[in-house]
Amino acid sequence: MNTATEANFDGLVGPTHNYSGLSFGNVASLNNSARPSNPKAAAKQGLVKMKALADLGFVQGVFAPHERPHIPTLRRLGFSGTDADILEQAAKQAPKLLAAVSSASCMWTANAATVSPSGDTSDNRVHFTPANLVNKFHRSIEHETTGAILQATFKDNKHFAHHPALPSVDHFGDEGAANHTRFCHGYSEQGIEFFVYGMEAFNNSAPKPAKFPARHTLEASQAVARRHGLSADQVVYAQQNPDVIDAGVFHNDVIAVGNRNAHFYHQEAFLDTAKMKQDLLTAWGDRASKFHLIEVPSDAVSVQDCIQSYLFNSQLLSRGDDDMVLVVPGECESNPAVWAYLNSLVAGQSPINEIKVFDLKQSMSNGGGPACLRLRIALTQAEQQAINPSTLMNNALFERLNNWVDKHYRDQLHEKDLADPQLLIESRNALDELTQIMNLGSVYEFQR
Ligand code: SUG
């Protein structure tokens, strides 16, 4: 019996969740800048999605949020004195910097790392490379803690191999699994790893976007494929269409999603769609199932509708062979073109047979939909058994985390509150308790 499965690990939203307009090129982040946020509601919306998927029988894990505001970064940048002094100086001298080190952006765990399952790697272990996220300062400070949390969750080096992030420089800009998809017949079998990049760093004549940054390079993807020991004929690279990056598609997972033998993508997502299709079909070869290419035409759903609704930032989950459910944000239901398209999709011949809608407005207002909030990890049964069990969602953890959120989180946060020393104390108390609930050890600097 093939008992391999795909686990989804969602980022638990941290107590400093706020809207600071930090992500140039991400339309929602810019449009909602300076609005008040509700960290308590944000965390609870995420927990509801996690619990619902666990109840449906999917393996659902949780990643803890990072320490924020991140005082060690402010110290590295020359602020000194007590923690309260540092917050006061930073708020006065560099308020945007304080906002950057306070972002709860690690909630979007699709950007935490690139993961290659054991069926694909030369040493048959699951390989992890945390993403350096160099293009955005507030995200470039995530990868060390991300690495520590990954190691605390996937501890056994017989099954799991952990790499450090790639060099933190634009040439190796790496946004992790948001630009990586794995196709396979069964989860434990050899899969095709599909890497999507925004630009080539060492080739100035290659196309690139003009207005917004391409956050991820071909060279970063190639380095990850080498490190993880992937077979060259089972790796496919494709360039994102620079025009859609300029329209606000800052990650490929805003315009395409794939799972097992299905690739669901927009007509304008890739620079060379015909090549992408041919390369995937060649790599797919004569596997036992048919490979489905589900292309959404621009005259059914425009690129603007994709960005507004996050249609493709959905989770495509297998319930069985050729039977998938698509988990979408509420914004898809309220967009008439998208909703009409989705209804025709489930009525048709594709493997996508059901749509499930979740309210994730707090995360969506910063440009993070259902797929941004999760990192996928295909695991054999032996690997599943090696996971830290305290990170897996079930009735008891759901109740514990909801109580923990009620105890520690505020229900309103403005940018000016980030300077409040009490918020730092509240966050540290919350995280300290969380490491005990999730049995993570001392993953934060303030605990050492
Ligand atoms: O990196 N937003 C995140 C959203 C990440 C979405 N992830 C995926 N598509 N996989 C980003 O742009 C906004 C924070 C702020 O503006 O306060 C932010 O970081």
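When a ligand or atom number is given, it counts from 1 through the structure's own listing order.
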(message) Can you confirm whether more than 12 heavy atoms, excluding those of Lys275, are under 6.0 Å from its NZ atom?
(response) no
(request) May I ask you to identify, for Leu22, whether its side chain, its backbone, both or neither come under 4.0 Å of ligand 1 on a heavy-atom basis? (result) both
(message) Only heavy atoms of Ala110, strictly under 4.0 Å: list the atoms of ligand 1 that pass.
(response) 10 (N)
(message) Looking only at protein heavy atoms, which one is nearest to atom 18 (C) of ligand 1, and what is the separation?
(response) Ser23 OG, 3.3 Å
(message) Check whether Phe358 forms a cation-pi arrangement with Lys49 (NZ or CZ under 6.0 Å from the six-membered ring centre, at most 45° off the ring normal).
(response) no
(message) Quick test of your reading of the structure: of Asn366, Leu375, Asn252, whose heavy atom lies closest to atom 13 (C) of ligand 1?
(response) Asn366
(message) Pairs of nitrogen or oxygen atoms closer than 3.5 Å, one from Gly21 and one from ligand 1: do any exist?
(response) yes
(request) Mark up the atoms of ligand 1 that fall under 4.0 Å of a heavy atom belonging to Ala178, in ascending order. (result) 10 (N)
(message) How far is atom 8 (C) of ligand 1 from the closest protein heavy atom, and which atom is that?
(response) Cys372 SG, 2.8 Å
(request) Dump the intermediate steps for salt bridge (charged side-chain N to carboxylate O under 4.0 Å, His left out) on Arg215 and Asp170, then the final yes or no. (result) CA-CA 8 Å; Arg215 298 194 194 184; Asp170 278 348; over 6 Å; no
(message) Please list the nearest protein heavy atom to atom 19 (O) of ligand 1 with its residue and the distance rounded to 0.1 Å.
(response) His138 NE2, 2.7 Å
(request) Tell me which part of Glu415 gets within contact of ligand 1: side chain, backbone, both or neither, using heavy atoms under 4.0 Å. (result) neither
(request) Classify the ring geometry between Phe202 and His171 as parallel (under 30°), tilted (30 to 60°) or perpendicular (over 60°). (result) tilted
(message) Just verifying a value: how many Å separate Asn313 CG and Ile307 CD1, rounded to the nearest 0.5 Å?
(response) 12.0 Å
(message) If we ignore hydrogens and angles and just use 3.5 Å, is the side chain of Glu175 paired with the main-chain N or O of Ala112 as donor and acceptor?
(response) no
(message) Does only the side chain of Lys136 get under 4.0 Å from ligand 1, or the backbone, or both, or neither? Count heavy atoms.
(response) neither
(message) Please classify the Arg139 to ligand 1 contact at 4.0 Å (heavy-atom distances, strictly less than): side chain, backbone, both or neither.
(response) side chain
(request) Taking Asn343 for its side chain and Leu345 for its backbone only, find out whether a donor-acceptor pair lies under 3.5 Å. (result) no
